Every structure is written in structure tokens, then in C-alpha cells.
There are 2 protein chains.
Amino acid sequence: MDILIADRAVDLDDLADRFAVSKMTIHRDLDDLEQAGLLRKMRGGATIETGTQFESDFRIRELQDGEAKARMAAAALDLIEPGMTVMINDGSMAALLGAQLTQKVPLTVITNNAAIIERLKDASRIRLIALGGLFNAKFNAFFGVLTETVLSELRADIAFLSSPAISGLGSFHMDESVVRVKRAMIAAADRRILLVNHRRFGHSALHRMADLSDFEAIITDAPPESRTAIDRAGIALTIAPPVRQQNPDIKETTP
Amino acid sequence: MDILIADRAVDLDDLADRFAVSKMTIHRDLDDLEQAGLLRKMRGGATIETGTQFESDFRIRELQDGEAKARMAAAALDLIEPGMTVMINDGSMAALLGAQLTQKVPLTVITNNAAIIERLKDASRIRLIALGGLFNAKFNAFFGVLTETVLSELRADIAFLSSPAISGLGSFHMDESVVRVKRAMIAAADRRILLVNHRRFGHSALHRMADLSDFEAIITDAPPESRTAIDRAGIALTIAPPVRQQNPDIKETTP
DNA sequence: ACAAAACAACATATATAATGTTATTTTAAT
DNA sequence: ATTAAAATAACATTATATATGTTGTTTTGT
């Protein structure tokens, strides 16, 4: 998917070559991704599915930058102590962090993220408070008035938010109902942390979600260039640097 | 679990014998079941978990009477028309009905049942409103103040409730927070239907959940004997009769 | 103190999933 | 219509995950 997003199209023979597998395997994998609606198979390769603007689909996003996300999740995990009440929003980055919460039990976890709910349901020593609401398949989470109402009655020690677009010192989102829930989370938490992938910098979107100064810290894998404005504004920045692919002992950190 | 429910206790050596496996395998399996809270390991065997009175755990129940449940679900489904807002509570019976809701789309479904949420998440033409709350692993659903609060702001055309204990003209439940959510559902629906397995008749429990007269109809697979009192009280009763086990073409109806 | 039971650690077996191979069918360009 | 590349189907192979068994050691209740 990374290659496909970068090049808009991939060649089947080339993929078989790169990954050192047979063409049949590539065929099967592309079939699966087509089935999931992530690409369109063409004779000799595949192209990105039309309508999938800038990697906006969560199913694509969760296949991207797995390594960097793991680093960011680890950095976020350092801020969590057993006994805390932790709030986490929608998104694949958040889902990854959510899955690792079992390392910090006992914990109370509040989330509208369906992936996290499913994952933590049967975890021991985790009080799981699911935020209900109207299910949104695109973001794989629950939103709406119900969600916002419930959030107004809750309080968390720390909230982890993520954002698809960072521009200047603001965070943006394309969906109004998502923004409202994120804002409700910001209002319901004592400490607020923003998790943001380097790809998100320099993008904007219709709705302003928050100012970066609303957050106690920002965890990112962004390269130095993107961060100067933030540094200047004096916002704490934790960097989980993108990992050099050639390093063989990376894999041990992926779960 | 069947043996355990029948005999109240099982012997480890005996189990290894019956299933023709090593004692170590029995040890491990019993460990898993203990972990799941279904039994208590004792030296030389296991006993049924205290508090698990009469097969009360949903994980046990969902292994029982699959066929009768399918019939009851079908009867319930007849009451649902496309376009309705349907509310469904916790329980394995309810989960089975929930899974079949895709046959009546478009539909708005409101539920606190984790199995139904998971199942209907990616169903098309179903607006899924999940009731949040504190996750309860025993009942595989969400409960608590949050759930009740949210329910007070919702309204459904029809609600399907289930009950673990029917005694006389009353319905009972052992868990207070479950009762509160079920009551909130009763209050939030225009029409109310009770689904009740024949095993549940003649049992009672600490908390009264509702009077049978609160329901427009009761769907059951109970034999005539259990129902005389209900019939006399003039409550509508739909019977989905228990299926004769010897019929080989039963299985095709189980999903 | 001592058998029986429980457990841990490793070995083996079984089941499941992923990948590869080969033969056959489909496809697009001539 | 012909044909070579690509796609597919069916089966073989390999890898991985899961379940079970074995052995030796520790714990437990009498």
C-alpha cells in the first residue's frame, strides 16, 4: 500500500521481485486488498481505488508506517501509569496504542474506538468503558450526540488524541461529528497528548479540531523540518523517529 | 461443562479417561475454563464456580439449545419491519436474533450486546447505535450509569428483552446493573417482547426485572405445562416449539 | 515424610495458513 | 483468428501456529 500510494500504481512482476515471492502470492494478496476495497486490480498490476483521496481510508492508514506507529505507541505508553483512567480516540494509531495498554494494568480505559473495544474486551484487570454512539464504518468508531453527552459525564487522567491534518499550530479534521467527539475528549481529560504521523503535517481540513497548545505534549515521528514552528511555539515534542528500514533488529518491537 | 453442570464436580483422572487424552491436557483445559471464570480448579478435579448458580453464564448458555433459539429468533424476526428502530438487550438468545437482523434492512439497531455490535458493525443499511458503558465480561455487554443515561434519551419502536428466570408472572435477574439497563430499555420502547427459554421457567433470582404483563408478547419454546399461569393471565404467547433432536435436517437452520 | 497432584519446560504431533508449482483458461494486442 | 502474456484453478509443498504428550521437578495435603 505504501508503494501504491506513492506511485499511484504497482506492477505485479515488480512486486514479486521486491518481496522475493512468486507472482501467484502477489496475485492472491492483491485479490485480498481489492476485496477490502483498497485497490483495483489491472492486467499486470493494480492502481489505487478511485475515491480514496489522500489516504483517507482507515483501512489503508492502518497498513502504513507500522514501524513508526509502534515507536510512537511506545512513547505514549511511557506516560501511562497503572491505575490511571486513560481515554483514547478513533484511528489506527490509537488502536495500536490501545492494544498495548495491557502492559500497564490495572487501568480504566475509555474509548469510542471499535478496534480497541474489541481488543480489550477480554483483557483482565482493565475496566473498559465503551463510549456508545452511532457507528461510523469509515472511522471504525462511534460518534454522535450520544457519544458527546456521555463524555460530558466522564473524566480521565490522560487522553490520547490523533489527528489527520496538522497545519501551522492547529489540528484539523474533515468530519464534523468526529471533531465534536475529539473536542469532548479534550474537555474531559486532565492531561492531553496528541499523536501525529509525519505524513499529517502540512495538510489542512475543513474543521479545526484544536490548537496544538491545547496539548501537554505531541508525539510524532516527523522529521525536524516539519517541527520548527511547533518548537518555536514552545510545545513539548516527543520524537519517535522513523526507523531505518535496513536495521534488522527492528522487528522485535512490532507486536 | 455439560458434565460439570450435571454432576457439580468433575474428576481430573476421569476426564482424561473419558476424552482419551493425557492428564496434562485436562489440566490445561481446566486452567482455561477457570481463567474464563466458568469453574474452580480443586486438587484432583474441578467444581462449578460458586455464583454460577444455574448455568447462568452466557458462555455456557450460548452452547445450549441452539435449535430452539433459532426458532425463537425466527418468531421474533416476524415482528420486525424494515425501517423500524429495534432495541435488543444482552444475552446469547438476543445475539442470535441480532445476527439475523440483516434480513430486515433498512433498520436502526440499538443494543448494549457486544456480540451484536461486532456482528452488525459492517452490515450495510443498518444504523448501529451502540450503548456504551462499562463492559461486563460475564454478560458480554455494556452496563452502568452511562448505559442507563443514554437509554433515557432514546426511543425504539420495539424492544426485545430476554430473561434468565421466570417465576409466576414475574421476570427476575441476579445482577442489579443488568436489571437497571433492561428496565431502561422497557421504558424506552413502544412495544416490548420477551424472549425466554424453557429452562428459565420456575427459577427466580434476587432482583425483579419486570412483570410479564409489561410485555406485549412472550416468545418461548416452553412446553405447555410451564405456561398455564401465563395463559390464564391473558398474556400473548408465541410458541417456538423445541425441535425433536432425532430429526437430522435440523442443522441446516443453524447459522 | 511421602505419595499424589500440580506444574514447568521441552518434545512431538496435528491443524491451519501461506506460498509455490504446474497445467489450463482467459485476455488483449496483433 | 492467432498468439504470447497474464490470470486462474488445482494441487503440492512449506512454514507457522496450536494442541497434546513426556519428562523431570516442585508443591501439596495427609
Side-chain angles (χ1 to χ4, degrees), chain A residues 1-4 7-50 59-60 62-64 66-67 70 95-96 99-100 102-103 105 115 118-125 245 248-255, chain B residues 1-4 7-50 52 59-60 62-63 118 122 137 251 254-255:
Chain A
M1 288 308 302
D2 283 345
I3 299 168
L4 192 56
D7 302 352
R8 316 299 296 169
V10 288
D11 178 71
L12 198 139
D13 290 344
D14 176 56
L15 289 175
D17 225 46
R18 287 204 200 212
F19 295 105
V21 293
S22 70
K23 286 195 248 182
M24 195 64 226
T25 297
I26 299 295
H27 266 298
R28 278 188 277 239
D29 292 349
L30 291 180
D31 284 345
D32 290 349
L33 291 169
E34 182 173 48
Q35 190 66 28
L38 299 185
L39 52 78
R40 175 158 309 190
K41 252 185 114 183
M42 311 285 288
R43 175 159 259 245
T47 59
I48 197 143
E49 181 58 84
T50 53
R59 284 162 301 181
I60 295 180
E62 75 187 6
L63 298 175
Q64 282 188 303
E67 188 48 42
L96 207 155
Q100 294 188 244
T102 49
Q103 297 169 29
V105 292
E118 184 56 24
R119 183 62 216 282
L120 261 30
K121 245 175 35 171
D122 300 309
S124 66
R125 313 196 63 202
Q245 294 291 353
D249 59 8
I250 288 167
K251 286 191 174 153
E252 72 198 13
T253 62
T254 45
Chain B
M1 287 310 301
D2 284 344
I3 299 169
L4 193 56
D7 303 352
R8 316 298 297 169
V10 288
D11 178 73
L12 197 139
D13 290 344
D14 176 56
L15 288 175
D17 226 44
R18 287 203 202 213
F19 294 105
V21 293
S22 71
K23 286 195 252 185
M24 196 62 224
T25 298
I26 300 294
H27 265 297
R28 279 186 276 239
D29 292 348
L30 291 181
D31 284 345
D32 290 348
L33 291 169
E34 182 172 47
Q35 189 66 27
L38 298 185
L39 53 78
R40 175 158 309 191
K41 257 185 111 181
M42 310 286 288
R43 177 159 255 247
T47 60
I48 197 140
E49 180 58 84
T50 52
T52 310
R59 283 158 299 186
I60 297 177
E62 75 186 7
L63 299 174
E118 184 56 25
D122 300 308
K251 286 189 174 156
T254 45

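None of the values given here were measured: they were computed from a predicted structure. Below, chains carry the letters A, B, ... as their sequence lines are ordered, and counting in each starts from 1.
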*Sequence neighbours left out, what passes side-chain contact (heavy atoms from CB on, under 4.5 Å) with B:Asp31? Give chain and number order.*
B:Glu34, B:Lys41
*For A:Ala9, enumerate each residue passing the side-chain contact (heavy atoms from CB on, under 4.5 Å) test, keeping only those at least two apart in sequence or located in another chain.*
A:Thr47
_Could you work out, with salt bridge (charged side-chain N to carboxylate O under 4.0 Å, His left out) as the rule, every residue matching B:Asp7, not counting sequence neighbours?_
none
_Please report the end-to-end axis angle for the helix from C:dA1-D:dT30 to C:dT30-D:dA1, five pairs per end, rounded to 10 degrees._
30°
*A:Asp14 has an atom CG; how far is it from atom P of D:dA6, in whole Å?*
13 Å
_Restricting to side chain to side chain donor-acceptor pair (under 3.5 Å), what partner residues turn up for A:Asp14, sequence neighbours left out?_
A:Arg18
*Please name the pair of heavy atoms, one in A:Thr102 and one in A:Ala123, separated by the smallest distance, quoted to 0.1 Å.*
CG2-CB, 3.9 Å
*Whole-Å distance between C:dA3 C1' and B:Asp13 CG?*
14 Å
*In whole Å, what is the span from the CG atom of A:Asp32 to the P atom of D:dT8?*
12 Å
Could you go through nucleotides 24-28 of chain D and list every protein N or O atom that sits under 3.5 Å from one of its N or O atoms, giving the distance for each pair?
{"unit_1": "D:dT28", "atom_1": "O2", "unit_2": "B:Arg43", "atom_2": "NH2", "d": "3.3"}

*Can you tell me the distance, in whole Å, between the CD1 atom of B:Ile26 and the P atom of D:dT22?*
14 Å
*asked:* Within the 4.0 Å limit for protein heavy atoms, which parts of nucleotides 7-24 of chain C are touched? Write it as a string from 5' to 3', B for base, S for sugar-phosphate only, - for none.
replied: BB----------BBB---
*Enter the distance from B:Leu15:CG to B:Ile3:CD1 here, rounded to the nearest 0.5 Å.*
5.5 Å
*asked:* If the condition is side-chain contact (heavy atoms from CB on, under 4.5 Å), which residues does A:Ala115 pass it with, not counting sequence neighbours?
replied: A:Ala95, A:Asn113, A:Asn140
*Using side-chain contact (heavy atoms from CB on, under 4.5 Å) as the criterion, list what pairs up with B:Leu33, not counting sequence neighbours.*
B:Met1, B:Leu38, B:Leu39
*Please report, rounded to the nearest Å, how far the C1' atom of C:dA6 is from the CG atom of B:Leu12.*
9 Å
*Quick one: list whatever passes salt bridge (charged side-chain N to carboxylate O under 4.0 Å, His left out) with B:Asp13, sequence neighbours left out.*
B:Lys23
*Those residues that, when tested against B:Ser22, pass side chain to side chain donor-acceptor pair (under 3.5 Å) (two or more places apart)*: B:Thr25
*Mind calculating the distance between CG (A:Leu30) and C1' (D:dT8) to the nearest angstrom?*
14 Å
*Would you say A:Met24 has more than 12 foreign heavy atoms packed within less than 6.0 Å of its CE?*
yes
